[in-house]
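Heavy atoms only: backbone and side chains are in, while hydrogens, waters and symmetry mates are out. Remember, predicted model here, so these are calculated numbers, not experimental data. Letters A, B, ... mirror the listed sequences (proteins, then strands); counts begin at 1.
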Protein chains: 2
Amino acid sequence: MAGTREPIWARPERGTRGPQPEHSRAAIAAAAVVLADSGGLGAVTMRSVASALGTSAGSLYRYLGSREDLLDLMVDAAIGELPRGDPPAGEWLEDFIVIARELLVLYQRHPWLPETIRPGTSFGPRTMDFFERCLVVLEPVPDSTTTKLEAIGMTVGVVAQFAASAGTPVPPEMLFVAVTPEAHPTLHAALLVTSPPPPEPDLFGKTLRILLTGLLRQVS
Amino acid sequence: MAGTREPIWARPERGTRGPQPEHSRAAIAAAAVVLADSGGLGAVTMRSVASALGTSAGSLYRYLGSREDLLDLMVDAAIGELPRGDPPAGEWLEDFIVIARELLVLYQRHPWLPETIRPGTSFGPRTMDFFERCLVVLEPVPDSTTTKLEAIGMTVGVVAQFAASAGTPVPPEMLFVAVTPEAHPTLHAALLVTSPPPPEPDLFGKTLRILLTGLLRQVS
DNA sequence: ATAAACAGCGAACGGTGTTTGCAGTTTAAG
DNA sequence: CTTAAACTGCAAACACCGTTCGCTGTTTAT
């Protein structure tokens, strides 16, 4: 029953005694984000982050309880890069899709973000700001907040899906070594097509419009 | 240019010389799946899989080129558990949603599966069978195979989203330590609701129906 | 018969997250 | 002002990880 630990957001950044820490959570998160941006999440090790800050791995545990805490910090720092102001005054659907597009470019700038948002992630204050901003935009929608949060969660998932598929522009044939013309005739035929049909111009917006108008009640 | 390696499906399971191997890819995958089911993906180490098979970690490299190969084997083995026969004769939308439901229960039985399907996964023959089965069901739809594959991918993503959110039945307050009544009034109010409204009876089916009827042309 | 290809195994290598003990520093309490 | 508690930083160590290597023995093609 004591397997889990208190999330980092519930612990004070520093105590009231002792010398002033040489680093801050924000600086640690920023250094880790830089490493992840250039080398992927695998490049974010306690030692690499520590050496980027000019300290040692063990010293990081004065700031973090575990590597998971570091990931929580990174997630919140990245989501904190989203635009914050701009409470828009248009139609809620279009406003919300604007937010989704902002999230998409964030996911493309930080490809490690979706995989770092894992089950067990403890979301920080900047992420809560994001959720709040979504709810504000959805204010005109007459559904319950629970339903809205479900719709937001589904949207975030779809955005991650688009960000991931945009990373692999054309499926390399390496991923399809296992298809045989006999067992998979339809699939095999599809892979032989040399010039695929022109892609939907705005599949992203189209998909989200479909999903949201179905999931949330239209304001009459 | 030589950073990537040939996927395991392109290599023969065994050569033509030498003694018969004591294990098989299928047995290795099965052992790894059992470990992941009970202890999560983190419990799947070369040493743990090897010891489950009564051998040593180094010996596994006679069968696998890397741990990634092991994950590829696991993914294909799990997806291979999906029902295979039953080419249904109903409406394509309902038939496809049946497949999606089968995938959902598979994801719930193997919670490690979505995270194991990573960018770079090389899909095996059982997974190709699954794609083929999806395409067969979508045969009556007049869209291009490319569009259908996009719809399938989006469906798989949505199913993973549902499987993940079903794993966390009620968001524990630990995940929301960072919300403050001042900065997040709407969110804060939503978390105070003691009895949330009864959830949509079949949000899963509803969502997929919405998504698929929008993404794919209705058969006229 | 010979040589190549292969299986199995134990030891080792570099890397990982994390813990621990210690020395030095700052602050709160007596 | 003194003292003790709380705190920081650091180096070393621990257990574990994926992976490689060298070796012995076995099977098969030539």
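Annotation: the span from B/L215 atom CG to B/I210 atom CD1 amounts to 12.5 Å, rounded to 0.5 Å. A/E68 contributes atom CD, which lies 7.5 Å from atom OG1 of A/T121 (distance to the nearest 0.5 angstrom).
Ranking C/dG8, D/dG18, C/dG17 by closeness to the B/R62 side chain, first place goes to C/dG8. Taking every side-chain heavy atom of B/T45 into account, D/dC17 is the closest of C/dA7, D/dT8, D/dC17. Checking C/dA7, D/dC10, C/dT18 against the side-chain heavy atoms of A/S66 singles out C/dT18 as nearest. Listed nucleotides: C/dG8, D/dC7, C/dG17. Nearest to the side chain of B/E22: C/dG8. When distances run from any side-chain atom of B/Y63 to the nucleotides D/dT26, C/dG8, C/dC9, the shortest one goes to C/dG8.
Within 3.5 Å, no donor on the side chain of A/R47 pairs with an acceptor on the base of C/dG15, nor the reverse.
Residue A/S59 places at least one side-chain N or O under 4.0 Å from the OP1 or OP2 atom of D/dC10. Between A/R17 and C/dT26, a side-chain N or O to OP1/OP2 separation shorter than 4.0 Å is absent. Contact annotation: A/T55 side-chain N/O to D/dC10 OP1/OP2 distance is under 4.0 Å.
The residue B/V49 sits apart from the nucleic acid: no heavy atom pair falls under 4.0 Å.
For B/L71 and D/dT19, the CG to P distance is 10 Å, given to the nearest whole Å. Atom CD in A/Q20 sits about 12 Å away from atom C1' in C/dT25, given to the nearest Å. One can place CE of B/M46 at 10 Å from C1' of D/dC17, the figure rounded to the nearest angstrom. Note: CZ (A/R67) to P (C/dT19) measures 15 Å, nearest angstrom. When rounded to the nearest whole Å, the span between CD of B/E13 and P of C/dC6 equals 14 Å. Atom-to-atom, CG of A/L35 to P of C/dT16 comes out at 12 Å; the value is rounded to the nearest Å. One can place CZ of A/R5 at 14 Å from P of C/dG17, the figure rounded to the nearest angstrom. Straight-line distance from the CD1 atom of B/I28 to the P atom of C/dA7: 11 Å, rounded to whole Å.
Between the side chains of A/R62 and A/S59, no donor N or O sits under 3.5 Å from an acceptor N or O.
Panel note: side chain B/R67, backbone B/V44; a donor-acceptor pair is recorded below 3.5 Å.
Two residues, B/G15 and B/G58, neighbour DNA chain C, and the one matched to the more 5' nucleotide by heavy-atom proximity is B/G15. Mapping B/S48 and A/A57 onto DNA chain D by nearest heavy atom places A/A57 closer to the 5' end of the strand.
Ion pair A/D69/A/R11 flagged as a salt bridge, since at least one NZ, NE, NH1 or NH2 atom sits closer than 4.0 Å to an Asp/Glu carboxylate oxygen.
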